[in-house]
Amino acid sequence: MNVASGGFQPPSSADFVFSPFIGQSAYLTKPIALIFLSVLVISVFFFVAARKAAIVPSRLQFAGESVYAFVRNGLGRDIIGQDFARFVPFLFTLFTFILVNNIFGIVPFLQFPAMSRFGFPLVLALLTFVVFHAAAIKKKGFGPYLKEIMFMPGIPKFVYVILTPLELMTFFITRPVTLAVRLFANMFAGHLLLLVFILGGDHLLHGVIGLKFISPFAFAVGIALTFFEFLVQVLQAYIFTLLTALYIAGALADEH
Amino acid sequence: MSQNGSPETDPQDAGDGAAWSIVSYLLSGLIFWGGAGWLLDHWLGTKIFLLVGLVLGAAASLYLIWLRYGRQ
């Protein structure tokens with residue numbers, strides 16, 4: 001392509017690396033600022049929503065309670081069952097934290113999903129990993145729990161040679177890894193996709209006259225994808241929490 | 001407290017969730033037995049064990065998924 005302002009610089013993984021706000025400190029970057037902002041937003045929202053709790057809820061209180069009821073009933077009670085109450089705070093924090101950070105990806109001026117930096121989803125997945133194993137070990141004891149993972153009842157003995165390594169690998173490696181990678185990859189790819197169409201549209205707009213006419217189409221696709229991204233962002237927050245609830249449910253379930 | 005959730009535990013929910021958690025089983029099977037096959041190939045200088053491993057791993061994963069979620 002040979003347009004007026006030189007070649008188009010396609011967005012790349014370099015667009016996910018931010019230089020620190022002040023000096024050389026690697027800690028004060030945009031993703032980290034967004035993480036803190038999300039904590040602030042969530043805290044203030046639910047504090048204000050719950051402050052004047054009334055029988056006839058205000059609109060804000062209703063919104064807050066709806067989110068809470070969704071996680072408590074839909075993810076906690078329906079999936080974990082009986083003993084769900086003590087896991088609700090964890091699930092609720094996880095869901096709102098991921099949700100708000102993902103949506104930051106399409107909020108004007110913020111426009112970056114922190115979960116597209118792998119460190120954040122990795123830590124969340126490790127938290128889930130610790131929680132569901134700890135719940136199981138506390139309930140069943142380490143030995144019996146490990147035995148339950150490794151030896152599924154009701155299959156011939158020699159099959160264990162093939163299945164036991166898979167069970168161990170699934171519980172201790174692939175579960176946390178897929179959890180982290182799924183969230184990271186969705187946010188990374190989504191952000192990159194938006195960058196391609198918005199930056200591309202902008203580049204076409206500054207190109208020769210023929211290209212200017214194509215530019216609105218790029219922007220239109222960019223806007224459509226922004227709505228699509230919203231769906232993905234909500235869905236990924238839901239799936240992360242859903243799988244956490246499922247793993248906890250599996251950890252607490254009695255041997256079949 | 002708003003009580004607007006579904007009344008009973010819906011088996012459909014567990015089904016949806018199972019679909020998502022199946023991915024980690026499939027990956028385990030392919031990576032572990034596929035990896036074992038690749039290593040064998042590497043040591044013996046053959047080319048067949050990677051394929052055997054991948055097929056075995058996929059079959060074992062599907063069997064395991066059926067054991068976990070299908071049988072009841």
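Proteins come first, then strands; the chains are lettered A, B, ... in the order of their sequence lines, and each starts at number 1.
Counting heavy atoms of neighbouring residues, nucleotides and ligands inside a 6.0 Å radius, atom CZ of A:Phe228 does not exceed 12 of them. Counting non-hydrogen atoms of other residues, nucleotides and ligands closer than 6.0 Å to CZ of A:Phe142 gives a total of 12 or fewer. Heavy atoms of other residues, nucleotides or ligands lying less than 6.0 angstrom from NZ of A:Lys139 number more than 12. Summarising the local packing, OH of B:Tyr63 is surrounded by more than 12 heavy atoms from other residues, nucleotides or ligands at distances under 6.0 Å.
Using a 4.5 Å cut-off between heavy atoms, A:Val159 contacts chain B through its side chain alone, with no backbone atom that close.
Side-chain contact check for A:Thr174 and B:Ser24: no donor-acceptor pair (N or O, by modelled atom type) lies under 3.5 Å.
Between A:Ile162 and B:Trp33 the shortest heavy-atom distance is O-NE1, 3.1 Å. Looking at every heavy atom in both residues, B:Arg68 comes nearest to A:Glu148 through NH2-O, 4.4 Å.
Taking 4.5 Å as the limit, every side-chain heavy atom of B:Leu27 sits out of range of all side-chain heavy atoms of A:Met169. Using a 4.5 Å heavy-atom cutoff, the side chains of A:Leu163 and B:Leu67 are in contact.
Residue with the most contacts toward chain A among B:Ala36, B:Gly29, B:Gly57: B:Gly29 (heavy-atom pairs, distance under 4.5 Å).
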Q: Apply the test side-chain contact (heavy atoms from CB on, under 4.5 Å) to residues B:Ser61 and A:Leu166: give CA-CA distance (whole Å), side-chain angles for both, the deciding distance (0.1 Å), then the verdict.
A: CA-CA 8 Å; B:Ser61 292; A:Leu166 297 194; 4.1 Å; yes
**Q.** side-chain contact (heavy atoms from CB on, under 4.5 Å) between A:Tyr247 and B:Ser21, worked out
**A.** CA-CA 9 Å; A:Tyr247 294 159; B:Ser21 51; 4.1 Å; yes
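One finds the CD1 atom of B:Ile31 at 9.0 Å from the CD1 atom of A:Ile173 (value rounded to the nearest 0.5 Å). The structure places OH of B:Tyr25 at 11.5 Å from OG1 of A:Thr178, a figure rounded to the nearest 0.5 Å.
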